[in-house]
Amino acid sequence: MPMITAKNNLASLIGDWGGFERLIAQLHETGDVNVQHNVTLVGKSGAPRQIDVLVRHREGFYEHLIVVECKYRNSPIERLHVDALTTTIRDVGASRGVIFSTEGFQSGAITQAKFADISLFKIRELTDREWGLPGRRFDMWMHFISLGIGNLKFARGYSLGSLPASDTQLQLHLGTPEQSSRTRILVNGKTETTLENLLEKVARKSAQAMYQADRYDFDGQDEGVIRRVGRVKYHPKTHMELLDSKAPLFLPGFDFDLGIHLEQSRLQLDRSESYTFALAVEDCIQETVFTASRGTEESQTTLKPSVRALVNEKDVYKNGSLATLWLSGWKQFSEFEGIQPDPVGASVEVQLKLSDELISASRDTK
């Protein structure tokens, strides 16, 4: 049987009534039964009966025949089609009859099908919830942000009272937690941390204040890189104390250039591209829904009960949204060299609170 190729919607997937019959035949190809399309059986009456899809299921000594009628129409199926299938079932000795439709069934057809023990199924496309929100198509913008520090300068340190100032030489190395140096300090007279951790905290807080969550256009392209530079000044109300110096040494604060490397990308995905088909099958008698799908590299169909998760749509990612990922580690500051101030002079001053400490940052862009 020729395979049906994936299309953008159910109508183009089917094409015509013959395509609908082939699709319904493939829905039954789960590996447990034998499926035949467009079969003619001679009934007990001696009259030939054309069967759209015939499903044979052998169990032990017995073989069960299921007659499947495929109704590709632009209106709900009427009761007379259920009556006609009931006659065919009796004549060919089938154990069950089924009707598939793309437009559903009239109430009279459903009532008669319940009486005659005939199954009625409606084929439709999966909803966004059945695909999993945000739906079949996924469109996501992403900003990957990494930082660099350069031109770090400390305000001149001092000691208290008559104690001489220490000649401590600060040798800092910023990298991963395993690579970074560890210069112990006391901040605000109570919080012990390391100077390296404090630098990272100040840098990231400043970058978040300078960052603008906008989608950028790169000469008509979605993907590209933007680099920004700002000057950050950190001067806590209570000066920092170096804990590993020979004598108590206090640092009023530090300044540094902050480089922000922003890489924008866009992820667009049509989940149906990996499937020959992925559809919803509504059981109009039992009032349940199944998903029927077949991967492009698969030869059998998978049937699963449809589960509609109860989620708050306000908490679900929406297509076209922008996600920001702040990367760990540090960029070499040499990548930011040569960036000049904004040509219109629109330098932005940012002030924010880091606990009870004041940071100011100015931003230049390129």
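All values derive from a computational prediction rather than experimental measurement.
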Taking it one step at a time, do N151 and F333 satisfy side chain to side chain contact (heavy atoms under 4.5 Å, CB included)? CA-CA 9 Å; N151 303 318; F333 197 75; 4.2 Å; yes
So, the side chain of S95 versus the backbone of L65: is there a donor-acceptor pair under 3.5 Å, distance only? yes
List the atom of A292, the atom of L303, and the distance in Å for their closest heavy-atom pair. CB-CD2, 3.4 Å
Could you tell me whether the side chain of S146 and the main chain of W330 form a donor-acceptor pair under 3.5 Å? no
For the ring pair Y216 and H143, is the centre-to-centre distance below 6.0 Å? yes
Determine yes or no for a side-chain-to-main-chain donor-acceptor pair under 3.5 angstrom, with N319 supplying the side chain and R137 the backbone. yes
State, yes or no, whether a side-chain contact exists between E130 and V289 at a heavy-atom distance under 4.5 Å. yes
Report the distance from atom CG of L54 to atom CD1 of I66, rounding to the nearest 0.5 Å. 9.0 Å
Would you please indicate if the ring centroids of Y317 and F138 are separated by under 6.0 Å? yes
Might you work through the side-chain hydrogen bond (donor to acceptor under 3.5 Å, both in side chains) test for Q26 and T301, ending with a clear yes or no? CA-CA 7 Å; Q26 290 188 12; T301 297; over 6 Å; no
Non-hydrogen side-chain atoms of F218 and I226 separated by less than 4.5 Å: yes
A quick test of your reading: do over 12 heavy atoms of other residues, nucleotides or ligands sit less than 6.0 Å from CD of E297? no
Carefully, step by step, assess R22 and H37 under the rule side chain to side chain contact (heavy atoms under 4.5 Å, CB included). CA-CA 7 Å; R22 289 191 293 272; H37 170 233; 3.8 Å; yes
Steps toward salt bridge (charged side-chain N to carboxylate O under 4.0 Å, His left out) verdict (R73, E103): CA-CA 7 Å; R73 305 194 174 195; E103 296 297 329; over 6 Å; no
Atom CZ of residue position R184 - does it have more than 12 heavy atoms of other residues, nucleotides or ligands inside 6.0 Å? yes
For P236 against N188, the heavy-atom pair lying closest together: CB-OD1, 4.4 Å
Non-hydrogen side-chain atoms of Y211 and W326 separated by less than 4.5 Å: yes
When rounded to the nearest 0.5 angstrom, what is the spacing between NE2 in H28 and CG in L23? 10.5 Å
Mind checking whether E69 and H81 have side chains closer than 4.5 Å, heavy atoms only? no
For D128 and G135, which heavy atoms make the closest approach, and how far apart are they? OD1-CA, 3.5 Å
Would you indicate whether the side-chain heavy atoms of F121 and I24 approach each other to under 4.5 Å? no
Check step by step if side chain to side chain contact (heavy atoms under 4.5 Å, CB included) holds for F105 and I99. CA-CA 10 Å; F105 302 86; I99 301 177; 3.6 Å; yes
Using modelled atom types only, decide if a donor and an acceptor are shared between the side chain of R215 and the backbone of G320 within a distance under 3.5 Å. yes
Quick check: is V33 connected to V68 through a chain of hydrophobic side chains (ILVMFWY, heavy atoms under 4.5 Å apart)? yes
Verify same cluster id: L199, M210 (apolar side-chain graph, 4.5 Å): yes
salt_bridge(R56, E63) N-O dist < 4.0 Å: yes
Say whether, by atom type as modelled, one donor and one acceptor occur between the side chain of D222 and the main chain of R266 under 3.5 angstrom. no
Is there a path of hydrophobic side-chain contacts, each under 4.5 Å between heavy atoms of I/L/V/M/F/W/Y residues, joining I145 to L174? yes
Please check this pair: side chain of E196 against backbone of T183, looking for a donor-acceptor N/O pair closer than 3.5 Å. yes
Taking every non-hydrogen atom, the tightest pair across H64 and E59: NE2-OE1, 4.2 Å
Taking all non-hydrogen atoms of both residues into account, name the closest pair between A207 and L147 and its distance. CB-CD2, 3.7 Å
In the single-linkage hydrophobic clustering (I, L, V, M, F, W, Y; side-chain heavy atoms under 4.5 Å), do V232 and F154 co-cluster? yes
Check whether the side chains of S272 and R136 place a donor and an acceptor atom closer than 3.5 Å, and report yes or no. yes
Answer yes or no: is there a side-chain heavy-atom contact under 4.5 Å between R227 and K331? no
Is the number of heavy atoms from other residues, nucleotides or ligands within 6.0 Å of CD (Q50) greater than 12? yes
Quick one: does Y234's side chain get under 4.5 Å of M240's, heavy atoms only? yes
Do F20 and V67 belong together in a cluster built from hydrophobic side chains that touch within less than 4.5 Å? no
Residue Q332 excluded, over 12 heavy atoms near CD under 6.0 Å: no
Taking only Lys NZ, Arg NE, NH1 and NH2, and the carboxylate oxygens of Asp or Glu, determine whether R96 and D117 approach each other closer than 4.0 Å. yes
Would R271 and W131 count as a cation-pi pair here, with the cationic atom under 6.0 angstrom from the ring centre and within 45° of the axis? no
May I ask you to decide if the ring planes of H261 and F336 are parallel, tilted or perpendicular, using 30° and 60° as cut-offs? perpendicular
In Å and rounded to the nearest 0.5 Å, what is the CG to CG distance from L172 to L152? 6.5 Å
Interatomic spacing from NE2 in H173 to CD in Q179 - rounded to 0.5 Å: 5.0 Å
How many angstroms lie between CZ in R49 and CG in D91, if you round to the nearest 0.5 Å? 4.0 Å
Nearest non-hydrogen partners of T30 and Q300, listed with the distance: O-OE1, 3.4 Å
Euclidean distance, L27 CG relative to F100 CZ, rounded to 0.5 Å: 6.0 Å
I want to check something: taking the side chain as every heavy atom from C-beta on, are I51 and T88 in contact at a cut-off of under 4.5 Å? yes
What's the verdict on side chain to side chain contact (heavy atoms under 4.5 Å, CB included) for S101 and K122, showing C-alpha distance, side-chain angles and the deciding distance? CA-CA 5 Å; S101 166; K122 177 183 176 181; 5.5 Å; no
